[in-house]
2 protein chains.
Amino acid sequence: MRSDDLASIRRLPLFATMREENFAALTPASYLQAFPPQMQLITEGDHADFLHVVVEGCVELFARHNGRETTLALLRPVSTFILAAVVEEAVHLMSARTTEKSRVLMIPAQDIRDLVARDAAFSAAILRELAGGFRALVRELKNQKLRTAVERLANHLLRLDAEQGGHSVVELPYDKRTLASLLGMTPENLSRGFATLRPYGVEVNGGSIRLTKPDDLRRLAKPSPLVDPGTR
Amino acid sequence: MRSDDLASIRRLPLFATMREENFAALTPASYLQAFPPQMQLITEGDHADFLHVVVEGCVELFARHNGRETTLALLRPVSTFILAAVVEEAVHLMSARTTEKSRVLMIPAQDIRDLVARDAAFSAAILRELAGGFRALVRELKNQKLRTAVERLANHLLRLDAEQGGHSVVELPYDKRTLASLLGMTPENLSRGFATLRPYGVEVNGGSIRLTKPDDLRRLAKPSPLVDPGTR
DNA sequence: CGGTCGGTTGAAGCTAATCAATTAGAGTGG
DNA sequence: CCACTCTAATTGATTAGCTTCAACCGACCG
């Protein structure tokens, strides 16, 4: 494993506070693997054998049921996933696949569980990570149940803009079908969503989107710190 | 606090494994309070000062946004809530109110956080509780995104039936407006949902519901262990 | 006995999904 | 460099699912 990868993983909230010897013990048993795009890493229903960390690229968490499929989250470096299944020694509730060329660190689940028992600082970090994930999920559920598709889209654009520096020019970090699925809508409906947002200054040009009237858009979207992560 | 209440709380997964002295230290600072129906206990946006435990009655977790309101969960004894906000020292993302006469144990958040730092067994129990909550939320999000309203209703009925002993007679433990909100639909639409389930052997009589063709209903609902808690 | 409230029913409208067709782009190979 | 192909994205037409508004019903309660 490259030492700068190791360093950036060590800097994760999850690993930052753990004892050096424990971190050192963790890494040799782990794999840092490179994957091509659209490679499925995890299948829902399978047993959770590894904690995963996106080191580079992008990973999509999704689920299928009864002929339908939906995206539950898109993860960018550096984030962990399926922590809850590892803690619970349970099966995955979500599948995972790369959306682009990616590198993913895989740590044996049993090692994580052993460490939780031994390293109090690590255990506390895991706790905070899970609590954060829980709250992110509550937000997402509220987003789904309390907003229309267009409102979700508007808020997502504002959030992407904020993440990308607030220059009112957003680059979609994934294709529109994936975005549609994440927002809980069809690709067709996403297209129409963009169209209805045109009067609010949303100018779409491929994967690049200009927000020419951010205030109007914000008035429509009504972002809230109790729904949207990173909102004040 | 009544000693049998204390005992049943002690039996909770959250408290069962913690050291006796720590449990003893926790209780004097806590309040076990009785509340009338429809009493709001928590308001989203407020700071989380207490961990709550439903000891008797029923508590509804709900959220409002932009003129809409939705029920996120209905909690029966004995369950804890807003654990994530306590761990994160953050504001509540959900409001809470009683749906009936209830008794709720309130434990100072700071005491919980202190204990997490001191008692490894308690910390591990909190971790499992949160992981379980996380997975319940993932299921709920999948339920919302992958199913229609009628499918959600059908599955909810099957689940209630299973919880109540599988006699194919379900007693709704809350009124229909609340159920509608929990399922993410309007009360009117819930009524119509019951009507469309009539051919599948769903006979509604006030709050009492007979399932005369459970197999037909199950074929429609398609319950799955990856979506529905407690499904085989 | 009127009043209120939870629930149901009806009609109309809106949002979003579906199906079908077309266009736009990104490679690919000649 | 230019057709050719394949896929993503858009657009149009239709349908399904759900909401909204309004009226109504029945039970419970003062």
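To find a chain, count down the sequence lines: A is the first, B the second, and so on, and within it residues start at 1.
Remark: C1' of D/dT19 and NZ of A/K145 are 16 Å apart, rounded to the nearest angstrom. Per the geometry, CG belonging to B/L146 stands 16 Å off C1' belonging to C/dA16, to the nearest Å. Rounded to whole angstrom, the span from the CE atom of A/M185 across to the C1' atom of D/dC18 amounts to 16 Å. Atom OH in A/Y174 sits about 17 Å away from atom C1' in D/dA9, given to the nearest Å. Atom CZ of A/R147 and atom P of C/dT15 are 17 Å apart (whole Å). The interatomic distance linking B/R177 (CZ) with D/dT19 (P) rounds to 14 Å, in whole Å. Computed from coordinates, the A/L172 CG to D/dA8 C1' distance equals 13 Å when rounded to whole Å. Going from atom CG of B/L179 over to atom P of C/dG6 covers 15 Å, rounded to whole Å.
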Next on the checklist: Each nucleotide in nucleotides 10-15 of chain D should get exactly one letter: B, S or -. Can you fill that in based on protein heavy atoms under 4.0 Å?
Outcome noted: SBBB--
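Ion pairing between a basic and an acidic side chain is recognised when a charged N comes within 4.0 Å of a carboxylate O; A/E140 and A/R152 show no such pairing. The existence of a salt bridge linking A/E163 and A/R159 is confirmed by a sub-4.0 Å separation between a basic side-chain nitrogen and an acidic carboxylate oxygen. B/D228 has a carboxylate O that lies under 4.0 Å from a charged side-chain N of B/R147, or vice versa, which qualifies the two as a salt bridge.
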Item to check | Residue pair B/L14, B/L51: steps toward the side-chain contact (heavy atoms from CB on, under 4.5 Å) verdict | outcome: CA-CA 12 Å; B/L14 201 58; B/L51 176 66; 4.2 Å; yes
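Across all strands shown, A/T186 has heavy atoms under 4.0 Å from base atoms, whether or not it also approaches the sugar-phosphate.
Between the side chains of A/E60 and A/T178, no donor-acceptor pair of N or O atoms lies under 3.5 Å. Judged by distance alone, the side chains of B/E171 and B/S208 do bring a donor and an acceptor atom under 3.5 Å apart.
Taking the six-membered ring for Trp and thresholds of 30 and 60 degrees, B/F50 and B/Y31 have ring planes more than 60 degrees apart, a perpendicular arrangement.
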What does the list of N/O pairs under 3.5 Å between the protein and nucleotides 24-30 of chain D look like, with a distance for each?
none

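For the pairing with A/V54, the side chain to side chain contact (heavy atoms under 4.5 Å, CB included) check across A/L41, A/L105, A/V59 returns one residue only, A/V59.
By the side chain to side chain donor-acceptor pair (under 3.5 Å) test, A/T98 pairs with no residue at all, sequence neighbours left out.
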